[in-house]
Amino acid sequence: MSFQLIDGKLVAKAIKDGLKPRIKALKDKGIVPGLAAVLVGDDPASATYVNSKAKACQKLGIYSEVIRKEASITQKELAEIIKTLNENTNIHGILVQSPLPKHIDELAITLIINPEKDVDGFHPFNVGMMFLGRETLLPCTPHGILNLLEYYNINPDGKEVVVVGRSNIVGKPVASLLTQKSKMGNATVTIAHSHTKNLPLITQRADILIVAIGKPEVITSNMVKEGAIIIDVGVNRVDDENAKKGYRLVGDVDFEDCKNKASYITPVPGGVGPMTIAMLMTNTVIAAENSWEQTG
Ligand code: NAP
């Protein structure tokens with residue numbers, strides 16, 4: 001079967017291009033959207049993610065600030081940084097890059113972020129509003145997946161969707177969004193996880209298979225229905241002595257093995273990843289627009 005590649009870079013560019021007139025309109029009113037990223041510790045992957053986000057801001061004319069702190073930071077010190085950012089009128093979006101050091105209570109930090117500035121969509125207020133199907137700042141990766149499907153005219157309505165992974169940032173929210181009674185919802189969704197018995201039997205049912213496990217190439221062609229739409233969220237580093245950096249990135253899906261069974265499939269990298277950043281930019285612009293509506 002011939003498959004169509006779902007090009008996340010292309011869709012992310014279209015979304016970011018669509019933000020440009022909105023950013024200009026804000027600037028005409030004297031508002032420059034601003035995003036602050038708090039990076040704790042020296043995890044190289046986190047540093048790469050934060051740099052990519054800052055670079056995306058720069059390209060769009062969004063003001064960005066990266067606050068770098070040692071892993072030894074205390075809960076109280078981190079909380080104070082968030083409170084200061086909440087008060088800063090030049091900052092419309094705040095993100096705290098995870099993972100945080102073990103001694104930090106991540107939920108307690110998320111709870112301090114003003115939900116109106118919670119551009120990751122992780123604050124329980126925004127999570128609750130999303131589950132209620134109300135307009136709110138949506139989590140970036142799940143929202144990015146919906147945008148990918150929409151761009152390729154894939155309507156989840158009535159489709160059998162299987163989400164593998166039940167994290168609070170990907171699996172659970174994407175399942176929630178796809179079951180909403182809404183334009184990109186109305187799917188019949190099953191969530192699988194590490195306790196799921198006979199995973200292949202479940203994944204084989206999927207018209208749309210969304211995989212967010214965090215383990216390299218777990219999903220193989222025998223687990224996929226002919227003609228399935230495969231969205232691979234996973235990003236895994238595997239050793240590769242031929243690669244410049246000594247590793248290469250692969251997804252949770254064995255792309256080469258699965259591609260010929262799929263009707264649509266995302267690559268890794270270049271699939272979901274760029275969408276996460278595009279949706280973060282979108283949320284920052286929305287937060288800036290909302291701030292103007294309140295004070296302008
Ligand atoms: P996570 O919090 O570690 O959750 C992984 C989920 O997968 C858990 O629910 C776990 O089940 C389940 N799981 C693990 N092994 C499994 C198996 N063999 N079979 C079935 N289920 C299994 O991960 P996450 O934060 O959702 O991230 C998942 C992946 O997506 C990672 O590679 C991450 O780097 C990537 N990611 C990418 C983006 C992007 O922008 N591209 C954004 C976010 C995350 P239990 O709950 O039972 O433990």
Side-chain angles (χ1 to χ4, degrees), residues 6-12 15-16 37 43-56 95-100 102 106-107 110 119-122 127 138-149 161-178 189-206 209-220 222-224 230-238 247-255 258 265-283:
I6 296 185
D7 186 344
K9 282 192 203 159
L10 177 87
V11 186
I15 288 173
K16 287 186 281 186
D43 176 50
S46 296
T48 306
Y49 290 139
V50 166
N51 287 342
S52 313
K53 291 165 186 177
K55 218 193 269 173
L95 76 87
V96 181
Q97 185 64 45
S98 67
L100 287 173
K102 292 232 168 357
E106 200 158 339
L107 177 61
T110 306
V119 283
D120 265 335
F122 293 166
V127 174
L138 295 173
C140 299
T141 305
H143 195 202
I145 293 170
L146 261 61
N147 274 271
L148 274 183
L149 296 174
V161 177
V162 174
V163 179
V164 190
R166 56 174 164 186
S167 71
N168 289 332
I169 63 167
V170 187
K172 279 195 264 183
V174 79
S176 164
L177 289 170
L178 287 164
V189 182
T190 303
I191 306 183
H193 43 75
S194 71
H195 291 240
T196 297
K197 302 254 185 301
N198 205 342
L199 184 63
L201 200 67
I202 292 172
T203 53
Q204 278 162 8
R205 290 209 314 251
L209 179 60
I210 300 174
V211 189
I213 296 175
K215 290 183 184 153
E217 300 175 332
V218 171
I219 303 294
T220 46
N222 63 318
M223 302 169 81
V224 173
I230 303 177
I231 307 290
D232 188 356
V233 185
V235 182
N236 308 286
R237 285 183 182 192
V238 293
Y247 67 84
R248 66 194 158 85
L249 296 180
V250 299
D252 295 345
V253 174
D254 185 335
F255 182 89
C258 291
I265 186 165
T266 57
V268 175
V272 175
M275 294 302 292
T276 299
I277 295 188
M279 301 326 294
L280 178 71
M281 299 298 110
T282 303
N283 278 350

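The analysis underlying the following values was restricted to heavy atoms, covering all of them including side chains, and did not include hydrogens, waters or symmetry mates. Sequence positions, counted from 1, serve as the residue numbers for this chain. We count ligands from 1, going down the list as the structure has it; atoms in each ligand are counted the same way.
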Where is the tightest heavy-atom contact between [X] and [Y], given as atom of each residue plus distance?
X: Pro216; Y: Val250; result: CB-CG2, 3.7 Å
X: Val162; Y: Ile202; result: CG2-O, 3.5 Å
X: Ser46; Y: Ser98; result: OG-O, 3.5 Å

Point to revise | Residue part near ligand 1, for Lys215, under 4.0 Å between non-hydrogen atoms | key: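 Answer for Lys215: side chain.
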Point to revise | Mode of Ile169 contact toward ligand 1 - side chain, backbone, both, neither (heavy atoms, under 4.0 Å) | key: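 Within the 4.0 Å criterion, Ile169 contacts ligand 1 through side-chain atoms alone.
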Which residue and non-hydrogen atom of the protein lie closest to [atom], and at what distance in Å?
atom: atom 30 (O) of ligand 1; value: Val233 O, 3.5 Å
atom: atom 39 (C) of ligand 1; value: Thr276 OG1, 3.6 Å
atom: atom 26 (O) of ligand 1; value: Ser167 OG, 2.6 Å
atom: atom 3 (O) of ligand 1; value: Ile213 O, 4.2 Å
atom: atom 43 (C) of ligand 1; value: Val170 CG2, 3.7 Å
atom: atom 47 (O) of ligand 1; value: Ser194 OG, 2.5 Å
atom: atom 46 (O) of ligand 1; value: Arg166 NE, 2.7 Å
atom: atom 34 (O) of ligand 1; value: Val235 O, 3.7 Å

**Study point:** The one among Gly165, Gly271, Ala192 that brings a heavy atom closest to atom 12 (C) of ligand 1
**Key:** Gly165
Check your understanding: Non-hydrogen atoms of Gly171 versus ligand 1: any pair closer than 4.0 Å?
Key ->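 False for this residue.
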Review point. Is the closest heavy-atom distance from Thr196 to ligand 1 below 4.0 Å?
Key: no
Point to revise | Student check: side-chain heavy atoms of Tyr49 and Leu95 closer than 4.5 Å | key: no
Point to revise | Side-chain touch Val161/Val174, heavy atoms, less than 4.5 angstrom | key: no
Check: [X] side chain, [Y] main-chain N or O, donor-acceptor pair, under 3.5 Å:
X: Thr266; Y: Ile231; value: no
X: Asn283; Y: Leu138; value: yes
X: Glu217; Y: Phe255; value: no
X: Thr196; Y: Leu199; value: no

Check your understanding: Which of the atoms in ligand 1, numbered in the order shown and given with their element, are less than 4.0 Å from a heavy-atom of Gly273?
Key ->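 Heavy-atom distances to Gly273 below 4.0 Å select 40 (O), 41 (N).
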Check your understanding: Which atoms of ligand 1 sit under 4.0 Å from any heavy atom of His195?
Key -> 47 (O)
Check your understanding: Which of these passes side chain to side chain contact (heavy atoms under 4.5 Å, CB included) with Val253: Leu209, Val211, Val268, Thr220?
Key -> Val211
Review point. Judging by distance only, is a nitrogen or oxygen of Val164 under 3.5 angstrom from one on ligand 1?
Key: no
Residues 271-282, side-chain donor-acceptor partners within the protein, below 3.5 Å, at least two apart:
residue, atom, partner, partner atom, Å
Thr276, OG1, Thr141, OG1, 3.0
Thr282, OG1, Ala278, O, 2.8

Point to revise | Any protein heavy atom < 4.0 Å from atom 15 (N) of ligand 1 | key: yes
